[in-house]
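Inspection log for the structure reproduced underneath, given as structure tokens.
Remember, it's 1-based here, ligands and their atoms both numbered in the order they're listed.
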Amino acid sequence: MIFKTTTNLFFTALQGLSLTVKHLFGARKSRQSKDIRAKDYFQQQQGLTTVQYPQEKMPIPEVARYQLDVEIDDCIVCDLCAKACPVDCIAIEAVKATEAIGETSDGSVKRLYAAKFEIDMAKCMYCGLCTVVCPTECITMTNNYDRSSQKLTDLIYGFSTMSDQEIADRKSEWTQFQAAKEAAKKK
Ligand code: SF4
Ligand code: SF4
């Protein structure tokens, strides 16, 4: 009986030790980065699985939903993305133009200036709804995921390219335009 127990203990200790030695030697090489589309992507568990970020980065799918980007020249300032956002992290301020101010790359006519277009990525939950509703497909989710910061306010991204002076001028133009229209009506 004592002999059997001692033998069992010995073999159990040997099994544990062999597992430790296997991992010890396995840890001499790093896990290789592979394309997510590779058939054996989820089987590549040989070697160290710790990624030496930021020197090494895990491969991510092309359709990954990370940092939002806005091609502001293609934005018609319709506000649909802000309305669709479940956490209200898109803030848009539109200023009306007195006439068409151009076209987007898909031919949509632009009639509003984007005085403010901010996205608070600290609040964003990466649902992608804003990208789905955008009529000109100018708001997109990119593969960029490493914009970490110690200040939450650094995660508010502004996409408007208008200066304060430009905004004031465009607002003033609209007010004058409206006033002239009202005056013409009264005549
Ligand atoms: S991805 Fe979702 S949470 Fe983030 S800004 Fe778009 S709608 Fe809002
Ligand atoms: S839905 Fe698209 S076009 Fe409309 S305000 Fe948002 S980004 Fe601009």
* To do: Just jot down the ligand 2 atoms closer than 4.0 angstrom to any heavy atom of Ile92, in number order.
  => 5 (S)
* Structure fact -> Looking only at protein heavy atoms, what sits closest to atom 7 (S) of ligand 2 is Cys138 SG, 3.4 Å
* Check whether Met125 and Val132 end up in the same hydrophobic cluster, where Ile, Leu, Val, Met, Phe, Trp and Tyr are linked by side-chain heavy atoms less than 4.5 Å apart. => no
* Asked: Which atoms of ligand 2 sit under 4.0 Å from any heavy atom of Pro135?
  -> 1 (S)
* Nearest neighbour in protein (non-hydrogen) for atom 1 (S) of ligand 1 -> Gly128 N, 3.2 Å
* Asked: Passes side chain to side chain contact (heavy atoms under 4.5 Å, CB included), Ile90 versus Cys130? Steps please.
  -> CA-CA 9 Å; Ile90 303 179; Cys130 52; 3.8 Å; yes
* Given that the side chain starts at C-beta and the backbone is N, CA, C, O, which of these parts of Asp79 lies under 4.0 Å from ligand 2, counting heavy atoms, or is it both or neither? -> backbone
* To do: Work out which heavy atom in Met141 is nearest to a heavy atom in Leu68; give both atom names and the distance.
  => CG-CD2, 3.6 Å
* **Gap separating the OG1 atom of Thr104 from the CG atom of Asp73, nearest 0.5 angstrom** => 10.0 Å
* Asked: Among all protein non-hydrogen atoms, which one is nearest to atom 3 (S) of ligand 2, and what is the separation to 0.1 Å?
  -> Ile76 N, 3.4 Å
* Asked: Around atom 8 (Fe) of ligand 1, how many protein N, O or S atoms are there at under 2.8 Å?
  -> 1
* What class does the angle between the rings of Phe117 and Phe159 fall in, given that below 30° is parallel, 30 to 60° is tilted and above 60° is perpendicular? -> perpendicular
* Asked: Starting from atom 4 (Fe) of ligand 2, which protein heavy atom do you reach first, and at what distance in Å?
  -> Cys78 SG, 2.2 Å
* Asked: Any non-hydrogen atom of Thr136 lying under 4.0 Å from ligand 2?
  -> yes
* Quick one: name the residues clustered hydrophobically with Leu14, using the 4.5 Å side-chain heavy-atom rule over I, L, V, M, F, W, Y, and just say none if it's on its own. => Phe10, Phe11
* Asked: What distance separates Cys78 SG from Leu112 CG, expressed to the nearest 0.5 Å?
  -> 9.0 Å
* Intermediate values then yes/no, side chain to side chain contact (heavy atoms under 4.5 Å, CB included), Thr136 and Cys134 -> CA-CA 6 Å; Thr136 62; Cys134 179; 3.6 Å; yes
* To do: Would you mind finding which of Cys134, Ala94, Cys75 brings a heavy atom closest to atom 8 (Fe) of ligand 2?
  => Cys75
* Asked: Is a side-chain N or O of Thr7 found less than 3.5 angstrom from the main chain of Phe3, in a donor-acceptor match?
  -> yes
* Taking Ser160 for the side chain and Ala115 for the main chain, is one N or O donor matched with an acceptor at less than 3.5 Å? -> yes
* Asked: What do we get for Ile139 next to ligand 1 when only non-hydrogen atoms under 4.0 Å count, side chain, backbone, both or neither?
  -> neither
* Do Glu182 side-chain atoms and Ala179 backbone N/O form a donor-acceptor pair below 3.5 Å? -> no
